[in-house]
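The structure appears right after this line, and notes come after that.
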Amino acid sequence: MDLQLRGKRAVVTGSTAGIGLAVARRLAAEGAMVMVNGRTAARVEAAVGSIHQAVQGAHIGGVAADLGTAAGCETLTDEVPDVDILVNNVGIFEPKPFEDIPDEDWLRFFEVNVMSGVRLAREYLPEMRARNWGRILFISSESAVQIPAEMIHYGMTKTAQLAVARGLAETVAGTGITVNSVLPGPTRSEGVGEFVERMAESRGVDWKTMEREFFATARPSSLLRRFATTDEVACMIVYLCSPLASATTGAAIRVDGGVVRAIV
(Lines give C-alpha, C1' and ligand atoms only; values in the text may rest on other atoms or scores of the structure.)
Protein backbone atom coordinates (compact mmCIF):
# COMPACT_ATOMS: atom_id res chain seq x y z
CA MET A 1 0.00 0.00 0.00
CA ASP A 2 1.29 3.45 -0.95
CA LEU A 3 0.73 5.74 2.04
CA GLN A 4 1.20 8.82 -0.17
CA LEU A 5 3.86 10.30 2.11
CA ARG A 6 6.53 10.97 -0.50
CA GLY A 7 7.91 14.47 -0.05
CA LYS A 8 6.06 15.16 3.20
CA ARG A 9 8.22 16.84 5.87
CA ALA A 10 8.11 15.17 9.27
CA VAL A 11 9.58 15.69 12.71
CA VAL A 12 9.61 12.75 15.12
CA THR A 13 10.65 13.74 18.62
CA GLY A 14 12.55 11.35 20.86
CA SER A 15 13.45 9.27 17.83
CA THR A 16 16.96 7.98 18.50
CA ALA A 17 15.61 4.65 19.79
CA GLY A 18 12.45 2.67 20.42
CA ILE A 19 9.10 3.59 18.92
CA GLY A 20 10.36 6.97 17.71
CA LEU A 21 13.21 5.45 15.74
CA ALA A 22 10.88 2.85 14.22
CA VAL A 23 8.46 5.60 13.17
CA ALA A 24 11.24 7.71 11.64
CA ARG A 25 12.57 4.70 9.73
CA ARG A 26 9.15 3.77 8.34
CA LEU A 27 8.35 7.36 7.37
CA ALA A 28 11.67 7.52 5.52
CA ALA A 29 10.87 4.24 3.78
CA GLU A 30 7.61 5.83 2.56
CA GLY A 31 9.57 8.70 1.00
CA ALA A 32 8.98 11.34 3.67
CA MET A 33 11.73 13.82 4.59
CA VAL A 34 12.31 13.07 8.25
CA MET A 35 14.06 14.95 11.04
CA VAL A 36 15.22 12.78 13.93
CA ASN A 37 15.51 14.27 17.41
CA GLY A 38 17.36 13.31 20.56
CA ARG A 39 19.12 15.02 23.42
CA THR A 40 22.69 14.43 22.25
CA ALA A 41 24.41 14.85 18.90
CA ALA A 42 26.00 11.40 19.20
CA ARG A 43 22.64 9.68 19.60
CA VAL A 44 21.11 11.67 16.75
CA GLU A 45 24.01 10.88 14.42
CA ALA A 46 23.79 7.18 15.26
CA ALA A 47 20.04 7.12 14.55
CA VAL A 48 20.44 8.97 11.26
CA GLY A 49 23.17 6.54 10.25
CA SER A 50 21.06 3.50 11.10
CA ILE A 51 18.16 4.80 8.99
CA HIS A 52 20.46 5.49 6.05
CA GLN A 53 21.66 1.89 6.30
CA ALA A 54 18.12 0.51 6.46
CA VAL A 55 16.48 2.74 3.82
CA GLN A 56 18.28 3.31 0.56
CA GLY A 57 18.03 6.96 -0.51
CA ALA A 58 16.44 8.08 2.74
CA HIS A 59 15.89 11.81 3.17
CA ILE A 60 16.88 12.03 6.82
CA GLY A 61 18.41 14.63 9.09
CA GLY A 62 18.63 15.29 12.78
CA VAL A 63 18.52 17.93 15.50
CA ALA A 64 19.95 17.48 18.98
CA ALA A 65 17.75 19.31 21.49
CA ASP A 66 16.35 18.68 24.96
CA LEU A 67 12.63 19.13 24.39
CA GLY A 68 11.93 19.09 28.11
CA THR A 69 12.71 22.82 28.04
CA ALA A 70 11.27 25.76 26.14
CA ALA A 71 14.77 26.57 24.89
CA GLY A 72 15.18 23.05 23.51
CA CYS A 73 11.89 23.29 21.63
CA GLU A 74 13.00 26.63 20.20
CA THR A 75 16.26 25.05 19.05
CA LEU A 76 14.30 22.45 17.11
CA THR A 77 11.83 24.89 15.55
CA ASP A 78 14.62 27.29 14.59
CA GLU A 79 16.36 24.44 12.77
CA VAL A 80 13.12 23.02 11.32
CA PRO A 81 10.67 25.92 11.00
CA ASP A 82 7.91 24.17 9.06
CA VAL A 83 6.65 20.58 8.82
CA ASP A 84 3.69 18.68 7.45
CA ILE A 85 3.80 15.97 10.11
CA LEU A 86 4.60 16.29 13.82
CA VAL A 87 4.93 13.12 15.87
CA ASN A 88 5.21 14.01 19.56
CA ASN A 89 6.91 10.86 20.78
CA VAL A 90 9.48 12.09 23.31
CA GLY A 91 8.74 10.88 26.82
CA ILE A 92 10.22 9.69 30.08
CA PHE A 93 9.04 7.19 32.70
CA GLU A 94 10.27 5.96 36.05
CA PRO A 95 8.61 3.63 38.56
CA LYS A 96 8.49 5.32 41.96
CA PRO A 97 6.16 5.07 44.99
CA PHE A 98 3.73 7.99 45.12
CA GLU A 99 5.01 9.16 48.51
CA ASP A 100 8.54 9.44 47.10
CA ILE A 101 7.70 11.55 44.04
CA PRO A 102 8.80 15.14 44.75
CA ASP A 103 7.35 18.24 43.11
CA GLU A 104 10.40 18.44 40.88
CA ASP A 105 9.60 15.04 39.32
CA TRP A 106 5.96 15.94 38.68
CA LEU A 107 7.03 19.14 36.94
CA ARG A 108 9.85 17.46 34.98
CA PHE A 109 7.56 14.73 33.67
CA PHE A 110 4.96 17.31 32.64
CA GLU A 111 7.55 19.45 30.85
CA VAL A 112 8.97 16.54 28.87
CA ASN A 113 5.87 14.45 28.19
CA VAL A 114 3.25 17.17 27.74
CA MET A 115 4.71 20.62 27.21
CA SER A 116 7.12 19.49 24.50
CA GLY A 117 4.15 18.53 22.33
CA VAL A 118 2.19 21.64 23.28
CA ARG A 119 5.06 23.94 22.34
CA LEU A 120 5.84 22.24 19.05
CA ALA A 121 2.19 21.98 17.96
CA ARG A 122 1.70 25.65 18.76
CA GLU A 123 4.68 26.54 16.58
CA TYR A 124 3.87 24.32 13.60
CA LEU A 125 0.09 24.69 13.47
CA PRO A 126 -0.12 28.11 11.75
CA GLU A 127 1.65 26.91 8.59
CA MET A 128 -0.45 23.74 8.58
CA ARG A 129 -3.52 25.96 8.66
CA ALA A 130 -2.15 28.04 5.80
CA ARG A 131 -1.72 24.89 3.69
CA ASN A 132 -4.94 23.35 5.00
CA TRP A 133 -3.09 20.08 5.59
CA GLY A 134 -1.17 18.57 8.45
CA ARG A 135 -0.83 15.68 10.84
CA ILE A 136 -0.17 16.02 14.57
CA LEU A 137 0.16 12.93 16.72
CA PHE A 138 0.70 12.56 20.45
CA ILE A 139 2.19 9.20 21.43
CA SER A 140 0.44 8.50 24.71
CA SER A 141 0.08 5.09 26.41
CA GLU A 142 -2.44 2.63 27.75
CA SER A 143 -1.29 4.09 31.07
CA ALA A 144 -3.41 7.13 30.18
CA VAL A 145 -6.58 5.15 30.92
CA GLN A 146 -5.17 2.56 33.32
CA ILE A 147 -3.00 4.71 35.59
CA PRO A 148 -0.14 2.54 36.88
CA ALA A 149 0.11 2.64 40.66
CA GLU A 150 3.88 2.36 40.39
CA MET A 151 4.25 5.58 38.37
CA ILE A 152 1.23 7.82 38.81
CA HIS A 153 3.11 10.90 37.62
CA TYR A 154 3.76 9.19 34.27
CA GLY A 155 0.14 8.13 33.90
CA MET A 156 -1.01 11.68 34.61
CA THR A 157 1.05 13.04 31.73
CA LYS A 158 -0.25 10.39 29.35
CA THR A 159 -3.85 11.31 30.22
CA ALA A 160 -3.01 14.98 29.69
CA GLN A 161 -1.79 14.17 26.19
CA LEU A 162 -5.20 12.72 25.32
CA ALA A 163 -6.89 15.92 26.47
CA VAL A 164 -4.51 18.15 24.50
CA ALA A 165 -4.88 16.06 21.35
CA ARG A 166 -8.68 16.03 21.48
CA GLY A 167 -8.90 19.72 22.25
CA LEU A 168 -6.50 20.60 19.46
CA ALA A 169 -8.48 18.45 17.03
CA GLU A 170 -11.56 20.48 17.93
CA THR A 171 -9.77 23.70 16.98
CA VAL A 172 -9.00 22.42 13.46
CA ALA A 173 -12.44 20.95 12.76
CA GLY A 174 -13.41 21.11 9.11
CA THR A 175 -9.83 21.49 7.85
CA GLY A 176 -7.36 19.12 6.24
CA ILE A 177 -5.45 18.86 9.52
CA THR A 178 -5.93 15.87 11.79
CA VAL A 179 -4.84 15.46 15.39
CA ASN A 180 -4.82 12.09 17.10
CA SER A 181 -3.26 10.28 20.01
CA VAL A 182 -1.90 6.75 19.97
CA LEU A 183 -1.94 4.49 23.04
CA PRO A 184 0.71 1.79 22.81
CA GLY A 185 0.61 -1.02 25.32
CA PRO A 186 3.72 -2.62 26.82
CA THR A 187 6.31 -2.34 24.06
CA ARG A 188 9.86 -3.61 23.90
CA SER A 189 11.48 -0.23 23.47
CA GLU A 190 15.04 0.46 24.57
CA GLY A 191 14.02 1.75 28.00
CA VAL A 192 11.50 -1.00 28.69
CA GLY A 193 13.93 -3.67 27.49
CA GLU A 194 16.61 -2.44 29.87
CA PHE A 195 14.10 -2.23 32.73
CA VAL A 196 12.95 -5.83 32.21
CA GLU A 197 16.53 -7.03 31.86
CA ARG A 198 17.42 -5.44 35.20
CA MET A 199 14.42 -7.11 36.85
CA ALA A 200 15.37 -10.46 35.31
CA GLU A 201 18.95 -10.17 36.58
CA SER A 202 17.82 -9.22 40.07
CA ARG A 203 15.62 -12.34 40.22
CA GLY A 204 18.07 -14.68 38.53
CA VAL A 205 15.81 -15.56 35.59
CA ASP A 206 16.07 -15.11 31.83
CA TRP A 207 14.31 -12.40 29.80
CA LYS A 208 11.49 -14.59 28.49
CA THR A 209 10.68 -15.84 32.00
CA MET A 210 10.57 -12.25 33.24
CA GLU A 211 8.32 -11.30 30.33
CA ARG A 212 5.86 -14.09 31.17
CA GLU A 213 5.88 -13.07 34.84
CA PHE A 214 5.30 -9.44 33.94
CA PHE A 215 2.19 -10.22 31.92
CA ALA A 216 0.89 -12.69 34.47
CA THR A 217 1.15 -10.20 37.33
CA ALA A 218 1.46 -6.62 36.08
CA ARG A 219 -0.64 -6.73 32.87
CA PRO A 220 -2.85 -9.84 33.17
CA SER A 221 -5.52 -8.36 30.86
CA SER A 222 -3.16 -8.44 27.88
CA LEU A 223 -4.43 -10.51 24.98
CA LEU A 224 -1.08 -10.38 23.19
CA ARG A 225 0.69 -11.70 26.31
CA ARG A 226 4.04 -10.39 25.17
CA PHE A 227 5.69 -7.05 24.58
CA ALA A 228 4.78 -5.53 21.24
CA THR A 229 7.65 -4.69 18.93
CA THR A 230 8.37 -1.08 18.14
CA ASP A 231 7.60 -1.76 14.47
CA GLU A 232 4.14 -3.08 15.36
CA VAL A 233 3.35 0.24 17.02
CA ALA A 234 5.08 2.32 14.35
CA CYS A 235 2.92 0.87 11.57
CA MET A 236 -0.22 2.37 13.11
CA ILE A 237 1.45 5.71 13.76
CA VAL A 238 2.76 6.03 10.21
CA TYR A 239 -0.66 5.18 8.77
CA LEU A 240 -2.21 7.97 10.86
CA CYS A 241 0.41 10.34 9.43
CA SER A 242 -0.77 9.59 5.91
CA PRO A 243 -3.40 11.18 3.66
CA LEU A 244 -5.18 7.82 3.73
CA ALA A 245 -6.15 8.44 7.38
CA SER A 246 -8.00 11.67 6.57
CA ALA A 247 -11.22 10.60 8.31
CA THR A 248 -9.51 9.77 11.59
CA THR A 249 -9.16 12.80 13.85
CA GLY A 250 -9.76 13.57 17.49
CA ALA A 251 -9.30 9.88 18.18
CA ALA A 252 -7.34 7.93 20.77
CA ILE A 253 -6.14 4.86 18.89
CA ARG A 254 -5.06 1.86 20.96
CA VAL A 255 -2.16 -0.37 19.93
CA ASP A 256 -2.14 -2.00 23.34
CA GLY A 257 -2.30 -5.71 22.67
CA GLY A 258 -5.74 -5.82 24.28
CA VAL A 259 -4.53 -4.64 27.71
CA VAL A 260 -7.41 -2.17 28.00
CA ARG A 261 -10.59 -4.19 28.45
CA ALA A 262 -13.00 -1.44 27.37
CA ILE A 263 -14.44 -1.99 23.89
CA VAL A 264 -14.67 1.74 23.05
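Computation of the quantities below employed the complete heavy-atom set of this structure, encompassing side-chain atoms and omitting hydrogens, waters and symmetry-equivalent molecules.
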So which heavy atom on [X] is nearest to which on [Y], and how close?
| X | Y | result |
| --- | --- | --- |
| R129 | T171 | NH2-O, 3.3 Å |
| A165 | F138 | CB-CD1, 3.7 Å |
| N88 | S116 | OD1-O, 4.4 Å |
| S189 | G18 | CB-CA, 4.1 Å |
| L240 | L137 | CB-CD2, 3.6 Å |
| N113 | G91 | OD1-CA, 3.1 Å |

I'd like to know if the side chain of [X] reaches the main chain of [Y], judged simply by a donor and an acceptor atom lying under 3.5 Å from each other, with no hydrogens or angles considered.
| X | Y | answer |
| --- | --- | --- |
| T13 | V90 | yes |
| N180 | T248 | yes |
| N89 | G14 | yes |
| T249 | A169 | no |
| S143 | S141 | no |

By ring pair (Phe, Tyr, Trp, His ring centres under 6.0 Å), which residues pair with W133, not counting sequence neighbours? none
Taking ring pair (Phe, Tyr, Trp, His ring centres under 6.0 Å) as the definition, give me every residue that meets it alongside F109, ordered by chain and number, with sequence neighbours left out. H153
Is there a path from [X] to [Y] through hydrophobic residues (I, L, V, M, F, W, Y) whose side chains come within less than 4.5 Å of each other?
| X | Y | value |
| --- | --- | --- |
| I237 | L5 | yes |
| I139 | L168 | no |
| L224 | M210 | no |
| L3 | V233 | yes |
| F214 | V259 | no |

Sequence neighbours excluded, which residues qualify as side-chain contact (heavy atoms from CB on, under 4.5 Å) partners of V80? V11, M35, V63, L76, V83, Y124
Just to verify, what does P97 make a side-chain contact (heavy atoms from CB on, under 4.5 Å) with, not counting sequence neighbours? E99, D100
Exceeds 12 heavy-atom contacts within 6.0 angstrom, atom CZ of R9: yes
Atom CZ of R6: over 12 foreign heavy atoms under 6.0 Å: no
Name each donor-acceptor pair under 3.5 Å that joins a side chain in residues 41-51 to protein atoms two or more places apart or in another chain, with its distance.
unit_1	atom_1	unit_2	atom_2	d
R43	NH1	E190	OE2	3.4
R43	NH2	E190	OE1	2.9
S50	OG	A47	O	2.8

Side chain to side chain donor-acceptor pair (under 3.5 Å): pairs with one or both residues in [range], sequence neighbours excluded:
| range | value |
| --- | --- |
| residues 62-79 | none |
| residues 216-226 | E142-R219, R226-E232 |
| residues 159-170 | K158-Q161, R166-E170 |

side-chain contact (heavy atoms from CB on, under 4.5 Å) between W106 and M156, worked out: CA-CA 9 Å; W106 285 95; M156 174 274 297; 3.5 Å; yes
Only one of I19, L120, V12 passes side chain to side chain contact (heavy atoms under 4.5 Å, CB included) with V87; say which it is. V12
Strictly by salt bridge (charged side-chain N to carboxylate O under 4.0 Å, His left out), give each pair with a member in [range] just once, sequence neighbours left out.
| range | value |
| --- | --- |
| residues 116-127 | E111-R119 |
| residues 242-259 | R254-D256 |
| residues 234-252 | none |

Do [X] and [Y] have side chains that approach each other closer than 4.5 Å (heavy atoms only, starting at C-beta)?
| X | Y | value |
| --- | --- | --- |
| E94 | Y154 | no |
| V182 | P184 | yes |
| V34 | H59 | no |
| T229 | R188 | no |

Charged N to carboxylate O under 4.0 angstrom, [X] versus [Y]?
| X | Y | result |
| --- | --- | --- |
| E211 | K208 | yes |
| D84 | R135 | no |
| D103 | R108 | no |

List, by chain and then residue number, the residues other than V145 in its hydrophobic cluster (Ile/Leu/Val/Met/Phe/Trp/Tyr, side-chain heavy atoms under 4.5 Å); write none if there are no others. L162, L183, V260
Applying side-chain contact (heavy atoms from CB on, under 4.5 Å) to K96 and I152, what does each step give before you reach the verdict? CA-CA 8 Å; K96 186 177 286 190; I152 296 172; over 6 Å; no
Decide yes or no on side-chain contact (heavy atoms from CB on, under 4.5 Å) for L67 and V112, but give the supporting numbers first. CA-CA 6 Å; L67 302 183; V112 175; over 6 Å; no
side-chain contact (heavy atoms from CB on, under 4.5 Å) evaluation trace for M33 with L27: CA-CA 8 Å; M33 298 180 288; L27 283 171; over 6 Å; no
Cation-pi geometry met for R212 and W207 (6.0 Å, 45°): no
